[in-house]
Amino acid sequence: MTPTILEKKTITDRLLISWIRCRRKAWLDLYEENKHKDWSAHRALQLDHQYKSFSALLSEAPNRGIEALKRGSNGVVGLRLKGIGPQGLKIEAHPPLLKKINLGSPWGDFSYIPVVAQQGRRLTREHRLSLALWSYLLEQVQQIEVKYGLAVSIRNAGSLDIQEIAITKKLTNELFDSLKRLYKDIRKDVSPGLIADRKKCTLCSWKKLCDEKANEEEDLSEISGIGAKRKIILQEIGIKNLSQLALIDKDDLTNKLSPYGESHKKIAGQLIRQAKVQKKLSPERLSSSMALPELNSAEGVFIYDIESDPDAHHDFLHGFVSLAKRKDGTWLLDDVKYQPILNLSNHTEEIAWGNIKRKLKSHPNWPVLHYGETESLSICRMAKRQGEEDKEINIIRNKFIDIHSRLKGSWVLPVNSYSLKEVAKWLKFEWSQKGSSGAKALLWWRQCQKAISQNNIKPKQLELIMRYNQDDCIATWKIAEWIIDKK
Ligand code: SF4
């Protein structure tokens with residue numbers, strides 16, 4: 001059945017935003033059944049950021065609808081704008097906020113400009129074209145040219161970045177061109193291919209569906225070590241999928257990659273090995289030496305994982321699992337003890353640091369296992385901020401063992417990514433809270449902050465974050481344990 005949007009030849013701002021992110025996403029939004037779509041925490045995080053940014057911009061709550069616009073409210077939401085675009089396309093949009101400015105219109109000595117919340121450091125094409133679309137439709141309502149829009153973003157410590165974005169002829173032309181191309185794409189019977197840069201898929205609610213397609217088609221992006229650029233290069237030299245990469249001779253691939261630079265050339269053998277392992281679904285050892293020799297003599301280990309708010313550069317939870325080795329030299333996960341050390345605001349870092357130091361000193365010879373370089377870097381930076389001597393920081397740094405780096409140095413696994421989630425999933429580890437993820441933990445944290453600001457000192461989301469953090473620690477141990485078992 002043809003979706004209504006095409007019958008009416010109407011394009012919405014939501015569809016345009018989807019298309020800018022990924023052409024395939026716009027097509028799936030229109031034609032694919034919603035049961036294949038997963039809820040994504042990123043949309044909720046985006047709305048949270050938008051709400052905070054708009055609240056900081058306006059001195060009072062915005063009003064709703066066309067009447068609010070006509071009577072000159074400072075901020076207006078809930079308005080549906082309609083108009084005709086290129087090729088007679090009907091366009092509809094719901095700008096998230098219109099802000100009053102002192103420029104006359106038929107309604108009085110005021111008119112409006114659109115506002116977009118800019119999440120992330122960079123202003124993107126999505127922000128610019130959204131502003132251009134809302135401006136184009138708004139001009140038809142208020143009968144006055146919209147010369148600029150605003151991109152706003154709440155930053156650390158509540159400061160608000162405000163940027164004026166000029167709505168130029170060139171930008172409007174780019175918008176029209178995009179609308180025409182979007183309309184052409186969504187009239188096709190088959191969906192566009194997967195996006196080249198599949199890192200963007202982590203934010204998308206169609207990820208599971210597209211992962212299945214990538215897997216079925218043996219898409220090159222499914223191979224660990226192949227990003228958007230390398231995929232294009234491999235396609236250019238005639239390698240279209242995982243099977244072809246697994247079969248090619250190493251010298252042949254090295255020669256073919258030479259014109260693209262040293263970094264691609266020297267990785268040829270690694271790519272073929274990874275493709276072979278993923279093809280035969282069986283891990284391959286890289287080195288006969290022990291990957292974790294420190295654990296032979298260790299009486300126990302700490303497993304450590306941080307939860308952070310990247311926008312605020314704030315590590316709000318330091319989770320430690322303590323695991324003592326048994327007298328018979330074995331490790332048993334039943335013996336774990338979890339201690340969450342909270343750092344609810346950057347003002348409480350001194351207390352958190354005191355607790356972390358006490359924790360580390362409780363077993364001064366135990367190594368600290370973690371997954372990825374973030375934990376070690378963050379704790380050393382924290383120690384520095386708290387005035388520790390370089391000598392002391394070095395002692396702390398030397399306790400840390402990055403399981404991710406040891407794993408990659410000693411094994412090739414049949415996984416498309418060596419992230420904690422993918423490797424632990426391959427080992428059949430399951431997080432106790434279904435659908436949990438880093439993005440969801442961040443959303444819980446934002447909800448916690450709101451609850452704490454309303455004097456709820458023990459919000460329920462804090463429990464959820466701690467459970468997630470404990471699971472991350474246990475997943476890290478599961479990987480370490482697998483390495484130890486393989487000797
Ligand atoms: S999961 Fe990736 S390829 Fe699929 S629609 Fe989303 S962004 Fe595009």
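Ligands are counted one by one from 1 in listed order, and the atoms in each one are counted from 1 as well. These numbers come from the heavy atoms of this one structure, side chains and all, not from hydrogens, waters or symmetry mates.
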* **For ligand 1, the portion of Cys210 having any non-hydrogen atom under 4.0 Å away** =>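 Near ligand 1, Cys210 shows its side chain, while the N, CA, C and O stay back.
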
* **Step-by-step ring-ring contact (aromatic ring centres under 6.0 Å, His included) determination, His370 to Tyr304** => CA-CA 5 Å; His370 59 103; Tyr304 173 56; 7.4 Å; no

For [atom], what is the nearest protein heavy atom, given as residue, atom name and distance?
| atom | value |
| --- | --- |
| atom 3 (S) of ligand 1 | Ile195 N, 3.5 Å |
| atom 2 (Fe) of ligand 1 | Cys201 SG, 2.3 Å |
| atom 6 (Fe) of ligand 1 | Cys204 SG, 2.4 Å |

If you count the atoms of ligand 1 from 1 in the order shown, which ones are under 4.0 Å from a heavy atom of [X]?
| X | value |
| --- | --- |
| Lys25 | 5 (S) |
| Cys22 | 3 (S), 5 (S), 7 (S), 8 (Fe) |
| Lys207 | 1 (S) |

* To do: List the steps, then state whether ring-ring contact (aromatic ring centres under 6.0 Å, His included) holds for Trp411 with Trp482.
  => CA-CA 11 Å; Trp411 285 92; Trp482 182 84; 4.8 Å; yes

* Is the shortest side-chain N to carboxylate O distance from Glu174 to Lys170 below 4.0 Å? ->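 Lys170 and Glu174: not salt-bridged.
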
* Trp134 and His94: CA distance, side-chain angles, deciding distance, ring-ring contact (aromatic ring centres under 6.0 Å, His included) verdict -> CA-CA 8 Å; Trp134 299 328; His94 292 83; over 10 Å; no

* To do: Could you tell me how the ring of Trp27 sits relative to the ring of Tyr31: parallel (under 30°), tilted (30 to 60°) or perpendicular (over 60°)?
  =>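 Ring orientation of Trp27 relative to Tyr31: tilted.
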
* Asked: Checking Lys478 against Phe429: charged group under 6.0 Å from the ring centre and within 45 degrees of the axis?
  ->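 No - Lys478 does not lie over the ring of Phe429 by the 6.0 Å and 45° rule.
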
